[in-house]
Protein chains: 2
Amino acid sequence: MTARLSTRSSAPVRQSSVRAHNLALVLHTVANSADPPSRAAVASATGLTRATVSALVDDLIAGGLLTELDPPPRTGAGRPAAGLALTAAGPAGLGLEINVDYLAACVVDLTGTVRQRLTEHADQRPAGPAEALAALGRLGARARLAAEADGLVLAGAALAVPGLVSGDLVRVAPNLGWQNVDAPVLLRGVPELADLPVAVDNEANLAALGELRVAGGNPDFLYVSGEVGIGAGLVIDGELYRGVRGWSGEIGHVTVYPDGRHCRCGARGCLEQYAGQEALAADEPLAAAALGIALAAVVNLLDVPVIVLGGAFVPHFPRLRDGIEAELRRRVLTAGLAPVTLRAASLGADAAVRGAADAVIRGVRDDPAAWLRRT
Amino acid sequence: MTARLSTRSSAPVRQSSVRAHNLALVLHTVANSADPPSRAAVASATGLTRATVSALVDDLIAGGLLTELDPPPRTGAGRPAAGLALTAAGPAGLGLEINVDYLAACVVDLTGTVRQRLTEHADQRPAGPAEALAALGRLGARARLAAEADGLVLAGAALAVPGLVSGDLVRVAPNLGWQNVDAPVLLRGVPELADLPVAVDNEANLAALGELRVAGGNPDFLYVSGEVGIGAGLVIDGELYRGVRGWSGEIGHVTVYPDGRHCRCGARGCLEQYAGQEALAADEPLAAAALGIALAAVVNLLDVPVIVLGGAFVPHFPRLRDGIEAELRRRVLTAGLAPVTLRAASLGADAAVRGAADAVIRGVRDDPAAWLRRT
DNA sequence: GCCAAATAATTCAACCACTAAACAAATCGT
DNA sequence: ACGATTTGTTTAGTGGTTGAATTATTTGGC
């Protein structure tokens with residue numbers, strides 16, 4: 001079975017694209033193998049010939065993305081295989097997060113291991129964007145130095161923000177009081193980060209990516225993040241769905257009770273009013289029902305088989321679970337055909353920073369050819 | 001700019017995949033050009049060289065997908081260009097639709113022109129699946145014969161059903177009273193259709209595809225179909241999103257009033273109870289508000305910029321518009337940043353059959369290499 | 001009327017990436 | 001010690017794209 005290339009892309013395909021794709025394919029295969037696979041194992045897993053895999057692996061080793069393991073795992077007859085693994089001392093991603101009451105930075109290497117982790121607790125609202133991001137940049141610079149001392153090379157950075165992001169611009173971050181902030185420029189004002197490409201994304205989106213990495217299992221789920229507001233990251237087929245303008249996942253403002261409580265967004269009956277952090281802290285009895293109603297809408301619309309509750313929902317999960325599941329059973333049309341799985345996130349408060357760092361190395365994994373070209 | 005091949009596909013890529021992709025690229029370029037383009041124009045539009053385009057075009061002409069226009073459009077100095085266009089007498093798609101009170105068949109050629117159109121009005125519920133599909137098959141056979149008399153060759157058929165479909169199986173079609181019907185097998189029971197590949201999909205999904213073709217413009221929209229029930233087809237980046245199990249788009253059972261009217265699905269307050277065909281016919285005052293609440297949820301979750309109301313909503317659109325838009329302005333978080341466009345469908349009752357036929361030729365357009373290989 | 005300029009399309013050598021098959025290397029079992 | 005077995009590399013061959021040169025066909029100036 002040969003691949004159907006995505007038709008929508010209106011760019012021509014050359015031989016070099018074939019190589020780029022197959023490099024990524026080999027890298028993914030190695031990354032997703034339980035044990036370090038041999039070149040031959042990769043070949044049979046991918047459908048490429050051993051000759052091709054050898055050539056690709058040579059490139060990946062030369063580029064510092066793969067390593068040949070020293071003590072070859074020996075099994076049965078035949079020439080012993082050389083095990084392949086992702087390089088730990090290669091490209092790494094810098095994750096950054098700003099939120100109402102803390103800053104965080106985190107470095108993750110190609111294998112997904114967290115190599116550095118720094119946090120700074122302080123109210124970020126009074127400082128304003130320029131100052132807060134400068135402080136975050138300094139935190140990131142410290143993490144970078146420490147990581148580079150370990151032999152890592154940063155491939156880029158990603159910033160998690162609690163707000164709406166278009167492209168690289170933070171359009172609105174209500175809880176920070178920000179509007180139209182060009183975060184990458186401000187971050188790169190810190191000299192030690194000046195050379196890094198910086199991406200910006202919504203906090204819930206990146207947290208969802210973090211959960212995807214850790215959960216490992218299902219590549220289709222909705223991650224619901226309970227912070228001051230409620231946001232959601234939708235992962236479809238292992239890929240984050242950001243929406244046309246990048247403003248998807250605003251589940252906190254889905255209407256659950258049309259004539260209900262007034263919300264700070266101007267509407268009435270938003271989910272946030274019944275299941276936001278304040279409502280949860282007040283032991284709000286309607287929280288589970290409200291969540292169930294909103295989540296049932298998501299499942300009816302999108303046929304998502306798994307829902308992951310993260311952030312502030314995690315400690316409340318045991319209390320909320322039954323109520324949510326009851327509403328899902330009742331309100332999801334296809335509940336009888338296949339149940340919806342509900343679970344708590346496995347990552348805690350650092351899901352977003354970690355997801356941000358993950359997003360960077362995911363970029364390297366998905367397009368290793370770009371990394372090899374870099375020199 | 002060379003293409004980033006989709007990384008998710010875990011299949012290897014060979015040179016033949018490159019050709020397959022570039023064949024599709026050339027075909028799309030010709031299809032989307034206002035005037036019949038020359039090979040040179042296609043080359044500069046795609047980024048391929050003229051040599052490559054010539055070779056690809058030769059294949060497409062030999063395979064009957066493209067035609068060289070006879071009277072070459074002359075412009076300025078230089079050798080006159082040979083205009084390229086999709087072949088009208090080439091592969092065509094057979095669309096089939098079964099609904100509560102009618103059967104329909106329709107043949108669309110590669111250029112998107114409807115070449116045959118047959119309808120049969122009758123209540124399909126008493127007959128049962130086997131008989132209803134046999135009747136539909138006979139209707140399709142008549143359309144096929146007429147089309148083949150015009151020199152068309154059917155590339156396949158697609159069937160639109162008002163119900164939940166997994167793979168090729170109709171799991172539930174409540175309004176028809178069907179359960180677990182293997183529609184392709186029953187349809188191919190009609191000898192004249194025995195050789196056709198038959199795909200099955202939800203009626204709203206296919207109607208959305210039909211609308212995509214006709215609308216031409218925006219490749220991101222939600223199509224909401226008001227039939228006996230309310231379904232929705234979500235088109236993202238020109239591609240239909242079907243959900244993990246194919247059960248997306250059940251907007252009719254999104255909750256709008258949690259303690260509202262009882263719905264036949266067992267839940268309370270479903271949209272269908274306030275904006276279904278019956279409610280519309282009864283001049284239901286809550287219809288616009290209910291639609292607005294449900295649609296706002298979709299936009300908050302998915303950031304869809306355009307909503308198209310089709311089916312039974314079309315005649316009621318002028319009456320509903322203001323009410324829906326008011327709710328959207330109020331309840332969509334990003335309404336202030338960019339408005340949501342609401343419009344009535346441009347296709348009428350035949351959207352689904354037509355979309356079904358379109359889906360078939362879309363398959364040919366997206367993978368012309370498969371068609372060329374067929375012989 | 002003829003030649004130059006211009007544009008379209010084709011031809012051909014070179015290149016790149018993959019395949020298939022033969023070959024080399026390294027181990028196990030007897 | 002030797003064959004069986006499996007891994008990894010080498011080499012020739014194939015398919016597909018590129019780029020430059022070539023051929024084809026028109027317009028416009030003199």
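All chains are named by letter (A, B, ...) in the order of the sequence lines, taking the proteins before the strands, and each is independently numbered beginning at 1.
Two residues are said to be in side-chain contact when any heavy atoms from C-beta on lie closer than 4.5 Å; Val30(B) and Pro37(B) meet this criterion. In this structure the side chain of Pro91(B) never reaches within 4.5 angstrom of the side chain of Val153(B), judged on heavy atoms. Side chains of Val306(B) and Asp220(B) form no contact here, defined as non-hydrogen atoms less than 4.5 Å apart. Proximity of His28(B) to Thr46(B): side-chain heavy atoms (C-beta onward) are nowhere separated by under 4.5 Å.
If you check distances only, the side chain of Arg79(B) never reaches the base of dT25(D) with a donor-acceptor pair under 3.5 Å. Side chain Arg50(A) to base dG8(D): a donor-acceptor pair is found below 3.5 Å.
His21(B) has its NE2 atom 17 Å from the C1' atom of dG15(D), to the nearest Å. The CG-C1' distance, from Leu25(A) to dA17(C), rounds to 14 Å in whole Å. Arg39(B) has its CZ atom 7 Å from the C1' atom of dA9(C), to the nearest Å. In this entry the distance linking CG of Leu66(A) with P of dG8(D) reads 13 Å, nearest Å. For the pair Arg19(B) CZ and dC18(C) P, the interatomic distance rounds to 18 Å; values are reported in whole Å.
Both Gly78(A) and Asp58(A) lie near DNA chain D, and the one whose nearest nucleotide falls closer to the 5' end is Gly78(A). Where Asn22(A) and Ala40(B) meet DNA chain C, the nucleotide closest to each residue was compared, and Ala40(B) sits on the side nearer the 5' end. Across the interface with DNA chain D, nearest-nucleotide mapping of Ala55(A) and Leu56(B) shows Ala55(A) to be the residue nearer the 5′ end.
Phosphate contact (OP1/OP2 of dT10(C), side-chain N/O of Ser54(B), threshold under 4.0 Å): present. Arg14(B) has a side-chain polar atom (N or O) that falls below the 4.0 Å cut-off from OP1 or OP2 of dT19(C). For the pair Ser38(A) and dT6(D), the criterion of a side-chain N or O lying under 4.0 Å from OP1 or OP2 is not met. At dC18(C), none of the side-chain N or O atoms of Thr52(A) fall inside 4.0 Å of OP1 or OP2 (strictly under the cut-off). The side chain of Ser16(A) places no N or O atom within less than 4.0 Å of a non-bridging phosphate oxygen (OP1 or OP2) of dC16(C).
Distances from the side chain of Thr49(A) to the nucleotides dG16(D), dG19(D), dT19(C) place dT19(C) closest. Candidate nucleotides dT26(D), dT19(C), dT27(C) were compared by shortest atom distance to the side chain of Pro80(A), and dT27(C) ranks first. Each of dA9(C), dT10(D), dT25(D) was ranked by its minimum atom distance to the side chain of Ala51(A); first place goes to dT10(D). The side chain of Gln15(A) sits closest to dA17(C) out of dA17(C), dA26(C), dA9(C).
A donor and an acceptor atom, one from each side chain of Thr87(B) and Thr67(B), are located under 3.5 Å apart.
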